[in-house]
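For reference, the structure discussed in these notes is given below.
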2 protein chains.
Amino acid sequence: MTLAARRVLEAAARLFYERGIHAVGVDLIAAEAGVTKKTLYDRFGSKEQIVVEYLADRDERWRAFLAQRLDTAQPTSAARVLAVFDASRAWSAKNSSKGCSMVNAHAEISDPSHPAYPIITGQKQWMLTLFTDLAGDITPDGAGHLSQTLMLLHEGALVAHGLNIFADPISHAREQAQTLLAAAENSAAKR
Amino acid sequence: MTLAARRVLEAAARLFYERGIHAVGVDLIAAEAGVTKKTLYDRFGSKEQIVVEYLADRDERWRAFLAQRLDTAQPTSAARVLAVFDASRAWSAKNSSKGCSMVNAHAEISDPSHPAYPIITGQKQWMLTLFTDLAGDITPDGAGHLSQTLMLLHEGALVAHGLNIFADPISHAREQAQTLLAAAENSAAKR
DNA sequence: GGCTCACTATACAGACCGGTATACTTTTGA
DNA sequence: TCAAAAGTATACCGGTCTGTATAGTGAGCC
């Protein structure tokens, strides 16, 4: 990726996230990136491709960020679940004040055959799988059930954060997750 | 509201929800409504006003739908909390297969001074207040805490439903809410 | 009958949309 | 050193965007 291409992607990412995908034109992206439209089209070919790379890049960054956080977390599965919420809180404070970019993109991309669609649904599926794997270590029988609850808390917290419904929803979700994990460990130990 | 205006609002509501607000032009709305642009502008004055009335109307319909469901629910607060989730499940099956229209609109409307902004945040605040009032009857000390958790489960379920993350997330949220309510009633009774 | 209101039909304005073409300059690496 | 790659600058394309203007039709109402 060339320097100009990187600047285009950075500008597009910021504008798409803050204003929405359809509300941002390629002329604006080029201007904000300090790049001509010629360069933009030489590198990306279409606006759609910029959208795809915006979401793919954001997905990749989030996974890398989360992986790093999980690596430094305590090695127990319960601690790692909580580390996901900690990572989301840190990530949201810096990059996601308007909520989840995948959810927001989904609001604008209706067609399931759009090339960005699998990126959006893929990230959510990946998160669910992550929760399911961790939950499986805690309560093998209730892994599906627990992971779905964690997913709802997590998604709900991101929405609540983006819409500013109440203060610090991600911490609240983390706390609730902690209660859930304790109960699951307790009931698994009894069995 | 005239007949033509109603047709415009119905067409706009469907198109805005399915394709996104910025992706739909007034020409298309007029064509789908079987109405000329002249009529459309005579009735609404601007596209922005159509957006505002679309969201306001949807908000009103949801509140009326929910109120009717709450009226026919068992009069206990716990049953009424669960009735909210039941209402959401029924509503989503019919009108909200792509998730919450307020959340989706928020993804496209960045400016807090946009006239549609207070409608979006207002509905979320109203829902939180509703949960808080009901939770207050169950556990006065923990009303804020419980209502926030219910809110996260509810919002998370709507997102999960819209993105099809897993099957029937609203029922899962309802079930989780039920567990929470039982625990809250139990701990309130002990005190 | 005459008046108003809601509506149709069509054309147009000016801006912006995504995308392309031509011509030229700068950077960079074998 | 020299050619390819990457970039700038600018003009343009057809189409669509929100919004307006002009002209006329039909129904209800006092």
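Each chain gets a letter, A, B and so on, in the order its sequence line appears, and its residues count up from 1. Please read all numbers here as calculations on a predicted model, not as lab measurements.
Judged by distance alone, the side chains of A:Asp111 and A:Ser113 do bring a donor and an acceptor atom under 3.5 Å apart. A side-chain donor from one of A:Thr149 and B:Gln176 sits under 3.5 Å from a side-chain acceptor of the other. For A:Thr132 and A:Thr129, the side-chain atoms include no donor-acceptor pair closer than 3.5 Å.
When rounded to the nearest whole Å, the span between CG of B:Leu3 and P of D:dG26 equals 18 Å. Here C:dA13 presents its P atom at 16 Å from CG of B:Asp27, a figure rounded to the nearest Å. The distance from atom NE2 of A:His22 to atom P of D:dT18 is 13 Å, rounded to the nearest whole Å. Between the P atom of D:dT20 and the NZ atom of B:Lys37 lies a distance of 10 Å, rounded to the nearest Å. Spacing between atom CE of B:Met1 and atom P of C:dC7 amounts to 11 Å, rounded to whole angstrom units.
When all heavy atoms are compared, the tightest approach of B:Ala177 to B:Leu150 is CB-CD2, 3.7 Å.
The shortest distance between the side-chain N/O atoms of A:Thr2 and the OP1/OP2 oxygens of D:dG7 is below 4.0 Å.
For the atom pair A:Arg19 CZ and B:Glu108 CD, the distance stands at 14.5 Å (nearest 0.5 Å).
Cation-pi contact between B:Arg58 and B:Tyr17: present, with separation from the ring centre below 6.0 Å and deviation from the ring axis of at most 45°.
Annotation: proximity of residues 13-21 of chain B to DNA chain C (heavy atom, distance under 4.0 Å) is found for no residue. Near DNA chain C, defined here as any heavy-atom distance below 4.0 Å, the residues from residues 38-57 of chain A are A:Lys38, A:Tyr41, A:Ser46, A:Lys47, listed numerically.
Enclosure of atom CD in B:Gln49 by more than 12 non-hydrogen atoms of other residues, nucleotides or ligands within 6.0 angstrom is indicated.
Between B:Phe85 and B:Phe131, the angle of the ring planes lies from 30° to 60°, which puts this pair in the tilted group.
Of the candidate nucleotides D:dT8, C:dA9, C:dT20, C:dA9 has the atom lying nearest to any side-chain atom of B:Thr36.
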